[in-house]
Amino acid sequence: MNEVKDRAGFLREGLFAKYVVALVGLVVFVLAVNGAIETWITYRGIKSSLNDGMSEKAEATAKRIQQSLSDLERQISWVTRASSNTTDLRRADYAQLLRQVPQVSQLSLLNAQGREVLRMTRQTATLDSNADFSRDARLTETIARGTSFAPAYFRGERPFMSIALSHADGSVTIAEVDLDFLSEFLIDAQVGKVAFAYVTDARGDVLAASSTGPEVGVNTSAPATSSSGGTVGKAVGSSDRSATVT
């Protein structure tokens, strides 16, 4: 009789032990799942914060670039003043602007018929070339709007764009702007140690980049095989993270 009781007790204790082991295993599993969820939520939270931070930095830099272009437009507009009403006076104004604004590399004066009257760089001055710009979009858009920003273009590996402004007498000044100054907005100290930054035009061509960013001239809208006039955009990113403003 005692042997039967002992055996029954042993079975109950064994069954209880199995329940305890199963319960402990379930609790450990639930804690492990909760830990994974919390870790995933934390990772997503950090990633979201980083993306938000990069987006804010991209937007701030894009605004600074836009302000810089607006300042350039204002400085160039000085040569359109009505008091400079002869070619000689405008030539003097062009020379002064080229001395004071390093971003401007060339200035051209077109008459109301679209013929080039004066073209100046820091090294040369050409009078009455009579080159025909009558069908040039920079002229037609400026006559219609008063100011125009042409799409960026490249001379070799260096990006440029044109800013054109009208005069009261119907003539137009076209300024060729060297966009190399955009790289000043993307120095590594501003971008950060692990991020990279680049500026693109509306077509996706890179106009400036930080030291770890894509090469200038690369088109970012095309499939990658290796590591304004138009709208000027700004992108900041690192490996799998990026933020773009256009």
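The model shown is predicted, which means the values in this text are computed figures rather than measured ones.
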Within 6.0 Å of [atom1] in [X], more than 12 heavy atoms from elsewhere:
X      : atom1 : value
Arg155 : CZ    : yes
Glu215 : CD    : no
Gln100 : CD    : yes
Arg122 : CZ    : yes

Heavy-atom side-chain proximity of [X] to [Y] below 4.5 angstrom:
X      : Y      : answer
His167 : Thr80  : yes
Leu179 : Phe160 : no
Thr220 : Val206 : yes
Ser162 : Tyr153 : yes
Arg203 : Pro151 : yes
Leu186 : Val199 : yes
Glu141 : Phe149 : no
Leu110 : Val117 : no

Q. Do Leu69 and Val177 sit in the same hydrophobic cluster, where Ile, Leu, Val, Met, Phe, Trp and Tyr count as joined when their side-chain heavy atoms come under 4.5 Å apart?
A.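 Per the 4.5 Å side-chain linkage, Leu69 and Val177 are co-clustered.
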Q. Transitively linked via ILVMFWY side-chain contacts under 4.5 Å: Leu89 with Tyr94?
A.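 Not linked; separate clusters.
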Can you tell me how far apart [atom1] ([X]) and [atom2] ([Y]) are? Round to the nearest 0.5 Å.
X      : Y      : atom1 : atom2 : value
Trp78  : Leu97  : CH2   : CG    : 7.0 Å
Met120 : Leu109 : CE    : CG    : 11.5 Å
Tyr198 : Leu182 : OH    : CG    : 15.0 Å
Phe154 : Asp205 : CZ    : CG    : 5.0 Å
Gln96  : Arg91  : CD    : CZ    : 15.0 Å
Leu118 : Asn111 : CG    : CG    : 11.5 Å

Q.
For Asp136 and Arg115: C-alpha separation, side-chain torsions, deciding distance, then whether salt bridge (Lys or Arg N to Asp or Glu O under 4.0 Å) applies.
A. CA-CA 11 Å; Asp136 193 302; Arg115 298 287 180 171; over 6 Å; no
Could you verify whether a donor N or O on one side chain and an acceptor N or O on the other, from [X] and [Y], lie under 3.5 Å apart?
X      : Y      : answer
Gln67  : Asp71  : yes
Thr142 : Ser148 : yes
Asp132 : Ser134 : yes
Ser105 : Asp178 : no

Q: Can you spot which of Val104, Thr121, Val79 makes a side-chain contact (heavy atoms from CB on, under 4.5 Å) with Leu98?
A: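 Single pass found, and it is Val104.
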Q. Going through the distances and angles, do Glu176 and Arg138 end up as a salt bridge (Lys or Arg N to Asp or Glu O under 4.0 Å)?
A. CA-CA 11 Å; Glu176 303 300 331; Arg138 294 174 296 179; 2.9 Å; yes
